[in-house]
Amino acid sequence: MNDFYDQDIISVKDFDKSKFEKVFSATDKIMKMDPNERRELGRGKTLGYLFFEPSTRTRLSFQAAMALIGGSSLGIADVSSSSTKKGESLADTVRMMSIYSDVVALRHPLDGSSRFAAEISQKPVLNAGSGTEEHPTQAIQDLYTIKKEKNKIDGLKIGIIGDLKYGRTVYSLLYALSNYDVDVRLISPESLKIRADSIYEIQKKLSLKESTNLDEFIDELDVVYVTRIQKERFPDEEEYQKVRGSYKIGLDIVSKMKDSSIILHPLPRIDEISAEVDSTKQARYFAQAEYGKFTRAALLALVLNEHDL
Ligand code: CP
């Protein structure tokens, strides 16, 4: 019996190392599987997606993942074209989607929205990004990328750079990394430092150092995880303008990095990594986005199938 079968995926806080490793192993198998065998994993099943915030990668990779395992998908990518516009509640929208589909992927701006949806839904709910703290499928994809690109996670020095206050991928990644033996360096403008109360439970488990100066750590990092300044979450445009463009990874910065280090970014990027970096061997953020299709296919296959992959 597979532990993920018919279960919600709401938070990385519900994962331990063995659960991550199980998803990684399922992802490896999915990537190598014969396409006909792979299509049996989701045959006759439907993914329902509800996106109350914009998305490119998460929604499309969920859809691509469902197609990869032989299923179909339907959903709402723009709530202004749904009955939410007429005032229908989140609860009723989720209830409807769980009638029409076998698994529901939800993105919503409110913290706690996915857990709330899971209480309403008749079908498993996968959190596709909620509020400012949770993006569990992104964290799984990030860890998988690190493991594939560096052949390990334990023992690495990982720098997380940019908007550490509002970036939800940062919190999910830190909780996920707290299951491993890693050194973490947090680099951000003073006003966008990590919210200490949000990582209270893991502060003692992680070896953390903070700085506002990227140069302090850049030459020692194995993984440089860059994040976008989350303009849409600032209460005040003026505050955004003060920190906009704080860190820019260009070829000058890449030249200071270890030859073996990798650059990741959950994307979208705005101007924090210049396009000329894309062709360097350290740039692995598009590979990271591609791994997201396979990790999500593994999660969908595990949730939809009683047996182990
Ligand atoms: N990384 C990520 O969540 O990207 P999207 O917002 O495009 O889905």
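Along the sequence shown, residues carry numbers from 1. Counting starts at 1 for both ligands and their atoms, following the listed order.
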For ligand 1, the residues whose heavy atoms come within less than 4.0 Å (ordered by chain, then number)
Ser55, Thr56, Arg57, Thr58, Arg107, His135, Gln138, Pro266, Leu267
Under 4.0 Å between a side-chain nitrogen and a carboxylate oxygen: does that hold for Asp278 and Arg269?
yes
Result for side chain to side chain donor-acceptor pair (under 3.5 Å) between His265 and one of Glu272, Gln288, Arg284, Arg228 points to Glu272
Nearest atoms (heavy-atom pairs only) where Ile99 meets Gln122:
CG1-NE2, 4.0 Å
What I want to find out is whether Lys29 reaches Asp308 closely enough, with some N-O distance under 4.0 Å, to be called a salt bridge.
no
Establish, for the pair Arg296 and Phe62, whether the NZ or CZ atom is under 6.0 angstrom from the six-membered ring centre and no further than 45 degrees off its axis.
yes
Out of Glu232, Glu53, Glu134, which residue meets the salt bridge (charged side-chain N to carboxylate O under 4.0 Å, His left out) rule with Arg168?
Glu53
